[in-house]
Amino acid sequence: QVQLVESGGGLVQAGGSLRLSCAASGRTFSNYAMGWFRQAPGKEREFVGVMWSGGSTNYADSVKGRFTISRDNAKNTVSLQMNSLKPEDTAVYYCAAHPSGSVLQKGQGAYWGQGTQVTVSS
């Protein structure tokens with residue numbers, strides 16, 4: 001079992017930055033791929049980015065060059081640095097974990113956090 005708790009959401013103006021964090025507890029964190037997803041009101045949940053346990057990353061085209069995932073295996077945390085935020089980035093952001101990054105980026109997370117709200121004003 002892996003427990004995930006997100007933090008760092010909030011309200012920011014367009015063009016600003018936010019950093020989300022996800023604290024993991026439970027099984028060996030370093031063995032898991034960690035990902036971020038988001039869900040805007042009235043829309044389906046969508047993939048944001050993933051970091052494999054080895055450190056490779058993949059991002060959705062909509063966030064490439066603006067968002068960066070990092071992880072600290074010693075602290076069991078994964079972060080999402082979001083720069084140049086746009087109103088269309090407004091959503092609830094979820095942290096997820098799965099032993100396979102390829103599976104995780106399809107939205108098939110084995111474990112999910114409760115989500116944190118990010119609101120970008122224009």
Side-chain angles (χ1 to χ4, degrees):
Q1 189 78 7
V2 175
Q3 294 81 39
L4 304 173
V5 179
E6 302 97 335
S7 61
L11 174 64
V12 63
Q13 289 188 331
S17 298
L18 273 178
R19 186 178 182 88
L20 306 183
S21 293
C22 175
S25 60
R27 295 189 175 183
T28 306
F29 174 78
S30 60
N31 291 342
Y32 281 75
M34 301 298 298
W36 290 91
F37 293 78
R38 65 187 183 186
Q39 187 167 21
K43 295 186 177 181
E44 293 187 353
R45 184 178 63 199
E46 65 173 357
F47 168 75
V48 173
V50 62
M51 175 175 276
W52 273 259
S53 58
S56 299
T57 56
N58 187 39
Y59 298 94
D61 288 343
S62 59
V63 306
K64 275 181 183 176
R66 300 189 298 123
F67 290 12
T68 303
I69 295 174
S70 60
R71 66 191 293 167
D72 185 336
N73 289 335
K75 296 183 178 179
N76 283 8
T77 59
V78 61
S79 298
L80 180 68
Q81 178 66 43
M82 305 184 294
N83 299 328
S84 303
L85 283 161
K86 305 174 182 179
E88 50 264 44
D89 294 319
T90 295
V92 177
Y93 282 71
Y94 297 91
C95 174
H98 194 285
S100 168
S102 298
V103 173
L104 180 57
Q105 65 180 356
K106 297 177 183 177
Q108 299 171 19
Y111 303 101
W112 294 87
Q114 83 289 349
T116 185
Q117 176 71 47
V118 171
T119 303
V120 184
S121 63
S122 57

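Here the structure is a predicted model, which means the values were calculated and not measured.
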Steps toward side chain to side chain contact (heavy atoms under 4.5 Å, CB included) verdict (Cys22, Val78): CA-CA 5 Å; Cys22 175; Val78 61; 3.5 Å; yes
Heavy-atom side-chain proximity of Asn83 to Phe67 below 4.5 angstrom: no
From OG (Ser30) to CG (Asn76), nearest 0.5 Å: 8.0 Å
Donor-acceptor contact below 3.5 Å, side chain Glu6 vs main chain Cys95: yes
Under 3.5 Å side-chain donor-acceptor pair for Ser25 and Gln3: yes
Pair Ser53, Asn31: side-chain N/O donor-acceptor within cut-off below 3.5 Å: no
Any Met51 side-chain heavy atom under 4.5 Å of Ser79 side chain: no
Evaluation steps, salt bridge (charged side-chain N to carboxylate O under 4.0 Å, His left out), between Asp61 and Lys64: CA-CA 5 Å; Asp61 288 343; Lys64 275 181 183 176; 3.3 Å; yes
Step-by-step side chain to side chain donor-acceptor pair (under 3.5 Å) determination, Asp72 to Thr77: CA-CA 5 Å; Asp72 185 336; Thr77 59; 4.9 Å; no
Worked verdict on Arg66 versus Tyr59 for side chain to side chain contact (heavy atoms under 4.5 Å, CB included): CA-CA 10 Å; Arg66 300 189 298 123; Tyr59 298 94; over 6 Å; no
Interatomic spacing from CD in Gln1 to OH in Tyr111 - rounded to 0.5 Å: 5.0 Å
Residues clustered with Phe37, ILVMFWY side-chain links under 4.5 angstrom: Phe47, Val50, Trp52, Val92, Tyr94, Leu104, Trp112
The single option from Leu20, Leu11, Thr90 passing side chain to side chain contact (heavy atoms under 4.5 Å, CB included) against Val118: Leu20
Heavy-atom pair of closest approach, residues Gly49 and Ile69: C-CD1, 3.2 Å
4.5 Å side-chain heavy-atom contact, Val5 and Gln114: yes
Working for side chain to side chain contact (heavy atoms under 4.5 Å, CB included), residues Ser122 and Glu88: CA-CA 10 Å; Ser122 57; Glu88 50 264 44; over 6 Å; no
Minimum heavy-atom distance Met34-Ala97, with the two atoms named: SD-CB, 3.5 Å
Donor-acceptor under 3.5 Å (Arg38 side chain, Ala91 main chain): no
ILVMFWY network linking Trp36 to Val103, side-chain heavy atoms under 4.5 angstrom: no
Set of residues satisfying side chain to side chain contact (heavy atoms under 4.5 Å, CB included) with respect to Val12, sequence neighbours excluded: Leu18, Leu85, Val120
Listed once per pair and sorted, the side-chain hydrogen bond (donor to acceptor under 3.5 Å, both in side chains) pairs that draw on residues 95-106, sequence neighbours left out: Asn58-Gln105
Check: Phe29 main-chain N/O paired with Arg71 side-chain donor or acceptor under 3.5 Å: yes
